[in-house]
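Heads up: the structure comes next, in structure tokens.
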Amino acid sequence: MQNISLTRYLIEEQREDRIGADLRLLIEVVARACKTISVAVGKGALGGVLGEAGSGNIQGEAQKKLDVIANDVLLEANAWGGHLAACASEEMDHCHPIPDVYPRGNYLLLFDPLDGSSNIDVNVSVGTIFSVLRCPEGVTQAADEHFLQPGTEQVSAGYCIYGPSTMLVLTIGNGTHAFTLDREMGSFMLTQREMRVPAATKEFAINMSNQRHWEAPMQDYVRDLLAGETGPRGKNFNMRWIASMVADVHRILTRGGIFIYPWDRKDPTKVGKLRLMYEANPMSLLIEQAGGASSNGRMRMMEIVPTQLHQRVPVFLGSREEVAKATEYHLAHDAKATSAVA
Ligand code: AHG
Ligand code: MN
Ligand code: MN
């Protein structure tokens, strides 16, 4: 593959009128911020960045130092470029309009600055997830409600995974592509054009410790997976669970699989653990652009109309035949429940 940097890829996409200068600048700025976060993550104990920050976020979670550092890096990097109207983050209660001292642009940026935080202190891959929406026409002071757009409105989405290598996986709506950070040059280099998720899979990713809390169709679906080749699925399955969505999704984009974080009754007030706006939707766009599928167990993820900035959602995403199968278990269960009532 020719030496194509992220900058060259974006310029060529702009030349083909698939993105404008502002979106190109936005993506370059986010990529540069991810390089800064990668350096901080890579320092580990030597950088004094491990452990708790001593603060909490709107999710009711204790923040890690790197959650806060990553959030600050992304806010600072995006403040002055004139490409953004506002940012929203897992780590901030409300959206953060670009300060008045800087010009504002027409995009809204959402991010999970550090995904998989529970893995930081045990040196397992973590990442940054981002999603880009258009700021609604005529809005000069963006507020939370302007972010409440379905995933189909995203103009770009991506993640950076801080693993053995640091990789940026990106879509601007024209396929999903992977760039690997050349640390000596400081450039993201295109290393995989057009990632494709195999339609079928024998690998599922789920936190099995929650099994007793799942609803019936979820219990049935996983029971049949575990029954293997002598069961209804007629094939044996393997399981992986890294507890970093970015790492699990990266594996699925690379070799297929299904990633599931279903509803569970541990906290019935929460419809899921993962957040729609800056985890499920960006990952869904990347997966669909690579030929996969993503649902909440009952409908296409990206068609969900958001009602809250930090709303949670059950997630089923990956190989499209497997996502369809898992969704089928849920819809069949609902149909039976409805006819039983009728
Ligand atoms: P975050 O660190 O941004 O809060 O996200 C963690 C999420 C996701 O990355 C992962 O798939 C999931 O939490 C793991 O949940 P469990 O620890 O319950 O398995
Ligand atoms: Mn996360
Ligand atoms: Mn996070």
Side-chain angles (χ1 to χ4, degrees), residues 30 33-34 37 40-41 49-53 55-75 87-93 109-131 157-163 169 203-214 218 222 239-253 257-267 270-284 286-287 294 296 301 309-318:
V30 170
C34 288
I37 296 167
V41 168
V49 295
L50 301 185
E52 308 286 321
S55 49
N57 62 19
I58 191 168
Q59 323 288 341
E61 295 158 346
Q63 290 173 309
K64 299 280 190 181
K65 285 180 191 164
L66 271 170
D67 281 326
V68 178
I69 291 167
N71 196 62
D72 292 346
V73 165
L74 283 158
L75 288 181
C87 298
S89 164
E90 175 188 292
E91 302 305 336
M92 301 189 297
D93 295 8
L109 176 66
L110 303 98
F111 46 80
D112 175 358
L114 208 77
D115 174 64
S117 307
S118 63
N119 282 326
I120 295 168
D121 297 344
V122 295
N123 199 26
V124 169
S125 299
V126 292
T128 297
I129 308 170
F130 65 90
S131 169
Y159 61 79
C160 194
I161 178 168
Y162 312 114
V169 175
E203 194 161 70
F204 66 98
I206 195 162
N207 182 338
M208 285 296 291
S209 69
N210 298 321
Q211 184 179 18
R212 64 189 181 284
H213 303 300
W214 296 336
M218 191 58 212
V222 171
M239 195 197 98
R240 286 283 181 276
W241 186 249
I242 305 175
S244 266
M245 185 183 197
V246 169
D248 281 313
V249 170
H250 189 72
R251 185 192 58 253
I252 288 166
L253 273 168
I258 182 169
F259 172 95
I260 305 175
Y261 211 113
W263 173 86
D264 64 48
R265 60 175 63 83
K266 276 193 300 191
D267 180 348
K270 286 181 185 166
V271 292
K273 169 165 189 181
L274 300 178
R275 281 62 51 135
L276 175 63
M277 297 306 293
Y278 40 79
E279 289 175 317
N281 270 343
M283 291 308 203
S284 298
L286 289 163
I287 286 282
S294 177
N296 67 352
M301 183 69 73
L309 192 55
H310 298 290
Q311 78 183 65
R312 297 171 188 265
V313 68
V315 178
F316 297 75
L317 65 78

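For ligands, and for the atoms within them, numbers begin at 1 and follow the listed sequence. Since the structure is predicted, the reported quantities are computational estimates derived from the model, not experimental observations.
In this structure, the side chains of N57 and D67 stay at 4.5 Å or more apart for every pair of heavy atoms. Two residues are said to be in side-chain contact when any heavy atoms from C-beta on lie closer than 4.5 Å; M301 and L317 fail this criterion. Y261 is not listed as a side-chain neighbour of I206, based on a closest heavy-atom distance of 4.5 Å or more. Contact check for D115 versus V126: no side-chain heavy atoms found under the 4.5 Å cut-off. Side-chain contact between K273 and D264 is absent, with no heavy-atom pair separated by less than 4.5 Å. Within the 4.5 Å cutoff, side-chain heavy atoms of M218 are placed close to those of F316. Contact annotation: the side chain of V246 never approaches that of S125 to less than 4.5 Å [non-hydrogen atoms, C-beta and beyond].
Close N/O approach between E90 and ligand 1 is found [any backbone or side-chain N/O within under 3.5 Å]. For the pair S244 and ligand 1, the shortest N or O to N or O distance does not fall below 3.5 Å. Residue G116 places at least one N or O, backbone or side chain, under 3.5 Å from an N or O of ligand 1. Considering both main-chain and side-chain atoms, N210 never comes within under 3.5 Å of ligand 1 through any nitrogen or oxygen pair. Ligand 1 has no nitrogen or oxygen under 3.5 angstrom from a nitrogen or oxygen of D248.
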Before giving the answer on side-chain contact (heavy atoms from CB on, under 4.5 Å), spell out for Y162 and L114 the whole-Å C-alpha distance, their side-chain angles and the decisive distance to 0.1 Å. CA-CA 10 Å; Y162 312 114; L114 208 77; 4.1 Å; yes
Apply the test side-chain contact (heavy atoms from CB on, under 4.5 Å) to residues I58 and E91: give CA-CA distance (whole Å), side-chain angles for both, the deciding distance (0.1 Å), then the verdict. CA-CA 7 Å; I58 191 168; E91 302 305 336; over 6 Å; no
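Atom 4 (O) of ligand 1 has R275 NH2, 3.1 Å as its closest protein atom, hydrogens excluded (heavy atom only). In terms of protein heavy-atom proximity, atom 11 (O) of ligand 1 is nearest to M245 N, 3.4 Å. Of the protein's heavy atoms, K273 NZ, 3.6 Å lies nearest to atom 17 (O) of ligand 1. Among protein heavy atoms, atom 9 (O) of ligand 1 sits closest to D115 OD1, 2.6 Å. In this structure, atom 18 (O) of ligand 1 lies nearest to the protein heavy atom Y261 OH, 2.6 Å.
Around the Mn ion (ligand 2), the two atoms OD2 of D112 and OE2 of E279 are separated by an angle of 100°, to 10 degrees.
Inspection of the N71 and S89 side chains reveals an N or O donor paired with an N or O acceptor under 3.5 Å.
The Mn ion (ligand 2) lies closest to atom OD1 when only the N/O/S atoms of D115 are considered. Looking only at N/O/S atoms, E90 comes nearest to the Mn ion (ligand 3) through OE2.
Of all the atoms in ligand 1, the ones that sit under 4.0 Å from a non-hydrogen atom of D112 are 3 (O). Taking a cut-off of under 4.0 Å to the non-hydrogen atoms of S117, the atoms of ligand 1 that pass are 2 (O). Within ligand 1, the atoms closer than 4.0 Å to a non-hydrogen atom of W241 are 11 (O), 14 (C), 19 (O), numbered from 1 in the order shown.
The side chain of N207, and not its backbone, has at least one atom closer than 4.0 Å to an atom of ligand 1 (non-hydrogen atoms only; side chain from C-beta on). Within the 4.0 Å heavy-atom criterion, the part of F259 lying near ligand 1 is the side chain and not the backbone. The proximity of L274 to ligand 1, defined as any non-hydrogen pair under 4.0 Å, is limited to the side chain.
In this structure, E279 has a heavy atom closer than 4.0 Å to ligand 1. Under the 4.0 angstrom criterion for non-hydrogen atoms, L114 is in contact with ligand 1.
Between the CD1 atom in I252 and the CE atom in M245 there is a gap of 8.5 Å [rounded to 0.5 Å].
At least one N, O or S atom of L114 sits under 2.8 Å from the Mn ion (ligand 3).
Ion pairing between a basic and an acidic side chain is recognised when a charged N comes within 4.0 Å of a carboxylate O; D248 and R251 show such pairing.
When every heavy atom of W241 is checked against every heavy atom of F259, the shortest pair comes out as CZ3-CE1, 3.4 Å.
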